[in-house]
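Residue numbers start from 1 in every chain, and the chains themselves are labelled A, B, ... in the order their sequence lines are given, proteins ahead of strands. Please read these numbers as outputs of a predicted model, since none were measured by experiment.
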Amino acid sequence: MSATVTVRLRYLARYAELLGVESEELALAAPTTVGDVVTAVRAKHPAASQLPAKPLCAVNFRQALWGDPVAAGDEVALLPPVAGG
Amino acid sequence: MSATVTVRLRYLARYAELLGVESEELALAAPTTVGDVVTAVRAKHPAASQLPAKPLCAVNFRQALWGDPVAAGDEVALLPPVAGG
Amino acid sequence: MAILTESPIRLDPLMDQVRSPDRGGIAIFLGLVRDHHQGKGVLGLDYSAYGPMAEAVTIEIVTEASGHWPQASVAVQHRVGSLTVGDVAVAVVAASAHRAEAFDACRYVIEELKKRVPVWKKEMFVDGTVEWVDPTRSQELGVRRGEVDNA
Amino acid sequence: MAILTESPIRLDPLMDQVRSPDRGGIAIFLGLVRDHHQGKGVLGLDYSAYGPMAEAVTIEIVTEASGHWPQASVAVQHRVGSLTVGDVAVAVVAASAHRAEAFDACRYVIEELKKRVPVWKKEMFVDGTVEWVDPTRSQELGVRRGEVDNA
């Protein structure tokens, strides 16, 4: 039986509204990547089908690429296109 | 006998210090130009030998060229290189 | 001073952060809430941010500016919460010995901030509609398409 | 509002002159008295101006900026009299719908103002000497040589 990693998810702005949640924890089979985490989000939330194919993501407050590894305790954020200023 | 035009001279900043006067009137033979006015200033003020060959001049608050005409009542200003801001 | 603030942005404390006797130029940019967006009347905006990342990315951008213009010192603040038309949403203050670096550093920071800092705004329109602003849906708004691969 | 002032320059009235609900960006430049000039310590400056011409040339420059950036609105103030290190000598405030025009108009006006507006400064140095600043005597300071023919 494989180990699991528990990560904290953050959904920001429009994505939080879309999924109806701002923050949650998800357990995934290790090893896992940003892409795997987003796949798990889609499996859990039907509304996630409205997310772009590859939403902008951050791991521990730094922008991350699709294949970047995610470790236990990491905070993975899904970010809509930014619109500050 | 030729007509004369009386003009108001303004010496600004360093030039006022150089000539020891900020403002005065000069009468010149008509017709007269910016160049003629500066020549008359040189004749009157020995210290004017320290002015540049062709100092920056304004007639009625607008920058003027050496050959521009000057009429009675005009204000002719001799301006050091500007240094604002 | 925190980069994100729920209170109105005040210019004086930001200027005090960067001014010094050897800096002769201060360039400032203020972004204000406008009364229209893409042809629709705007009543106000709700700004939200991903706080820790917004702070980190802003510090990163300011550090990049210090690399490009070593004489410049830059202070930034971004408002979050409910803003109305005319409110200052963002302020960038750059001081330097000479004006060229102050302008260039100020411009760099606001351009990068708008591209990279995780802040979002929800627009309340005069017609009663509400909409999240999405720069990638406007025409010709640059390379950032909300895709990890392009980012 | 008069362009030349003997009182400290205040930013708020200048901003009020140019802000409006359809202008989302304000770019500001402040020129401050620095503590050094060409390697010498500065105590303070005396600014003097040829008043009516300074006002006329500044209006001319602002009008040129309005021609180049029709959406921009620009306010300018220049201090005259005795200033000490850190005092604001000049302020240019440009508001526009978008930030690019605000920055460009602000930059244009300060660059032209420094080249064309008849204002002079006399520097009081820490070593007790006093000197009129003459940009044409510094190295590489552009085309204006104090000659009518080149002006």
Side-chain angles (χ1 to χ4, degrees), chain C residues 9-12 14-16 18-39 41-45 71 83-111 113-114 121 126 133 141, chain D residues 9-12 14-16 18-39 41-45 71 83-111 113-114 121 126 133 141:
Chain C
I9 291 175
R10 289 168 52 230
L11 214 39
D12 283 339
L14 288 171
M15 285 173 54
D16 289 344
V18 298
R19 66 199 294 172
S20 82
D22 61 340
R23 300 199 178 113
I26 300 184
I28 300 169
F29 178 76
L30 302 176
L32 282 66
V33 177
R34 272 193 301 154
D35 64 357
H36 62 280
H37 185 229
Q38 301 186 331
V42 171
L43 279 179
L45 294 176
Q71 292 195 293
L83 279 73
T84 58
V85 172
D87 283 348
V88 176
V90 61
V92 178
V93 181
S96 196
H98 301 286
R99 69 186 176 285
E101 305 102 79
F103 269 112
D104 291 347
C106 182
R107 185 85 187 251
Y108 177 83
V109 169
I110 184 65
E111 298 295 337
L113 185 148
K114 289 186 80 97
K121 54 193 170 203
V126 173
V133 176
L141 266 161
Chain D
I9 291 175
R10 289 168 52 229
L11 215 39
D12 283 338
L14 288 171
M15 284 172 54
D16 289 344
V18 298
R19 67 198 294 173
S20 81
D22 61 340
R23 300 199 178 112
I26 301 185
I28 300 170
F29 178 77
L30 301 175
L32 284 66
V33 176
R34 271 194 300 156
D35 63 358
H36 61 280
H37 186 228
Q38 301 186 330
V42 171
L43 279 180
L45 293 177
Q71 292 195 292
L83 279 73
T84 58
V85 172
D87 284 348
V88 175
V90 63
V92 178
V93 180
S96 196
H98 301 285
R99 67 187 179 284
E101 306 101 78
F103 269 113
D104 291 346
C106 183
R107 186 84 186 253
Y108 178 83
V109 168
I110 185 64
E111 298 295 337
L113 184 148
K114 290 187 79 97
K121 54 193 169 204
V126 173
V133 176
L141 268 160

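Ring orientation note: the planes of F103(C) and F103(D) are nearly perpendicular, at an angle over 60° on the 30°/60° scale.
Neither the backbone nor the side chain of A89(D) comes within contact range of chain C; no heavy atoms are under 4.5 Å apart. The contact between V85(D) and chain C is made entirely by side chain atoms (from C-beta outward), counting heavy-atom distances below 4.5 Å.
With sequence neighbours left out, the side chain to side chain donor-acceptor pair (under 3.5 Å) criterion links E111(D) to R99(C), R107(D). Considering only residues two or more places apart in sequence or on other chains, D35(D) meets the side chain to side chain donor-acceptor pair (under 3.5 Å) condition with none of them.
Side-chain atoms of R19(D) come within 3.5 Å of backbone atoms of G86(C) as a donor-acceptor pair (strictly under, hydrogens ignored).
Annotation: maximal heavy-atom pairing with chain D below 4.5 Å, among A97(C), A91(C), G24(C), A94(C), occurs at G24(C).
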